[in-house]
Amino acid sequence: MKTLPRRFYRRDPRDVAPDLLNKVLVCGTRSGRIVETEAYCGPIDPGAHSYRGLTPRTTVMFGPPGHLYVYLSYGIHWCCNPVCGEDGEGVAVLIRAVEPVAGIEEMRPRRPKARRDVDLTNGPGKLTEALGIVGANNGADLVTGDQGIVIADDGTPPPVAPIQTWRIGFGNNPARDYPWRWFVPGNRFVSRPEGAR
DNA sequence: ACCGGGATGTTCT
DNA sequence: GAACATCCCGGTG
C-alpha cells in the first residue's frame, strides 16, 4: 500500500476522478476501495461549490491539492472530496461510493440502519459515516496523513473501461449536462449503476 | 419495485 | 425564504 503522492492530485479533476477508481480510501483502521467518483471543476462548473468564488465554506477547496474538502449535505450528511489541480483553482473530486476493504466490523455499528452490507458504503453520505469522516476532518492532508486519512494504491489498477456518465443530484441546474461521473463496471457498491437521467 | 416526503444546517437571493 | 453534490421510511401496486 503506497500513499498517493501530491502530484497525483495536481491535475484536472476530470483526469483524477477515473484514476481514483480502485484506489483505497483509508481512515484510521477502516478502509474502502473507491468505486464511484465525480469531478467538480470550479468556475466552468455551475454544479461546483466553488463556482461563485471563494467563501468560508470553500476555503479548503480553493487550497492546495491533496487535502480533503468535507462539507455538510442537506444539513445531515458529510461528503468528502480530495482537492485537485493547483492551489487557488477550486477543483475537486467527490467520492460517491467505496467497497469495504478493512474494518468492516467497525463499520456496522457506525451504520446501524444498514440492513445489508452493500448499504454500508454505497453512497457519499454513507461511506463517510461508515469510515468516520466528519466536518472536523475538513482540510486533512491526504499525503502526510496528519489526521489518519490517506488514499493509497494497493496495486490494483483502475478499470480498463470505466463507465462515464452524468452526475447525480442536480434538478434543473445546467450542471446536469456535464458527464463527469465515473464508476467501476459491475461493482455492487456503486450508488446508481445507471445513468443519472 | 417504485415513489413521495421529511429531516436538518449552511449558503445565497 | 428557497435551494441544496442525501438518506431513510412508509405508502402503494
Side-chain angles (χ1 to χ4, degrees), chain A residues 9 12-14 16-18 20-21 25 32 34-63 65 67-85 89-100 107-140 142 151 163-183 188-197:
Chain A
Y9 303 99
D12 190 299
R14 290 164 290 188
V16 176
L20 277 173
L21 297 178
L25 175 60
I34 297 168
V35 298
E36 182 180 358
T37 55
E38 285 181 357
Y40 285 86
C41 302
I44 66 165
D45 181 1
H49 288 168
S50 50
Y51 181 61
R52 291 173 184 80
L54 179 65
T55 66
R57 179 175 64 158
T58 58
T59 300
V60 170
M61 192 171 175
F62 276 100
H67 291 253
L68 195 63
Y69 169 51
V70 183
Y71 71 90
L72 191 59
S73 178
Y74 290 90
I76 302 177
H77 309 286
W78 297 108
C79 293
C80 71
N81 310 245
V83 174
C84 299
E89 263 194 80
V91 298
V93 172
L94 170 65
I95 299 178
R96 284 197 56 89
V98 306
E99 174 171 357
M107 298 181 194
R108 290 190 228 275
R110 288 170 184 270
R111 295 270 309 129
K113 292 175 181 170
R115 297 191 149 271
R116 310 163 300 166
D117 279 359
V118 74
D119 297 315
L120 252 21
T121 55
N122 65 346
K126 299 177 189 179
L127 72 93
T128 55
E129 190 169 27
L131 292 173
I133 294 171
V134 295
N137 299 121
N138 189 33
L142 298 170
I151 299 178
I163 307 292
Q164 177 177 1
T165 182
W166 292 281
R167 297 179 293 184
I168 303 291
F170 290 92
N172 290 324
N173 188 317
R176 62 182 288 157
D177 294 327
Y178 296 88
W180 291 341
R181 179 166 71 105
W182 289 263
F183 62 84
R188 314 195 322 281
F189 290 82
V190 172
S191 68
R192 293 180 56 176
E194 330 81 35
R197 281 178 281 172

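In what follows, every chain begins at residue 1, and chains take the letters A, B, ... in the order their sequences are listed.
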Inspect the contact between A/Arg14 and A/Asp45 and indicate whether a charged nitrogen and a carboxylate oxygen are less than 4.0 angstrom apart.
-> no
First and last nucleotide of DNA chain C touching chain A, 5' to 3', heavy-atom cut-off 4.0 Å?
-> C/dC4 to C/dC9
Within a strict 4.5 Å, meaning less than it, do heavy atoms of the A/Ser191 and A/Phe183 side chains meet?
-> no
For A/Cys80 and A/Leu127, the nearest pair of non-hydrogen atoms, with its separation, is SG-CD1, 4.1 Å
What are the bounds, 5' to 3', of the part of DNA chain B that sits under 4.0 Å from heavy atoms of chain A?
-> B/dA7 to B/dC12
Test side-chain contact (heavy atoms from CB on, under 4.5 Å) applied to A/Ile151 - qualifying residues, sequence neighbours left out | A/Leu4, A/Tyr9, A/Leu20, A/Lys23, A/Leu25, A/Ile34, A/Pro82, A/Ile95, A/Leu142
Numerically ordered, the residues 114-127 of chain A set in heavy-atom contact under 4.0 Å with DNA chain C is A/Gly123, A/Pro124, A/Gly125, A/Lys126
Can you tell me if A/Ser73 uses its side chain to pair, donor with acceptor, with the backbone of A/Cys79 under 3.5 Å?
-> no
So, A/Glu89 side chain and A/Gly42 main chain: donor-acceptor pair closer than 3.5 Å or not?
-> no
Mind checking whether A/His49 and A/Tyr69 have parallel, tilted or perpendicular rings, split at 30° and 60°?
-> perpendicular
Look at the side chain of A/Arg111 and the backbone N and O of A/Ala130, then say whether any donor-acceptor pair between them is shorter than 3.5 Å.
-> no
Pull out every residue in residues 37-57 of chain A that has a heavy atom closer than 4.0 Å to any atom of DNA chain C, ordered by number, or say none.
-> A/Tyr40, A/Gly47, A/His49
Report yes or no: does A/Arg167 contribute a side-chain atom to a donor-acceptor pair with the main-chain N or O of A/Arg181 at less than 3.5 Å?
-> no
Would a 4.5 Å heavy-atom cut-off, applied to side chains only, mark A/Ile133 and A/Trp78 as touching?
-> no
Kindly say whether A/Val190 contributes a backbone atom to a donor-acceptor pair with the side chain of A/Arg96 at under 3.5 angstrom?
-> no
Test item: A/Pro100 and A/Phe189 side chains (from C-beta on) under 4.5 Å apart, heavy atoms | yes
Determine the contact category for A/Asn81: base if any of its heavy atoms lies under 4.0 Å from a base atom, sugar-phosphate if only primed atoms, P, OP1 or OP2 are that close, otherwise nothing.
-> base
Check: A/Asn137 side chain, A/Val70 main-chain N or O, donor-acceptor pair, under 3.5 Å | no
Is there a donor-acceptor contact under 3.5 Å from the side chain of A/Glu99 to the main chain of A/Val35?
-> no
Got a salt bridge between A/Glu129 and A/Arg110, using NZ or NE/NH1/NH2 to carboxylate O under 4.0 Å?
-> no
DNA chain C base-pair string [pairs: Watson-Crick or G-U under 3.5 Å; |: paired with another strand] | ||||.|||||||.
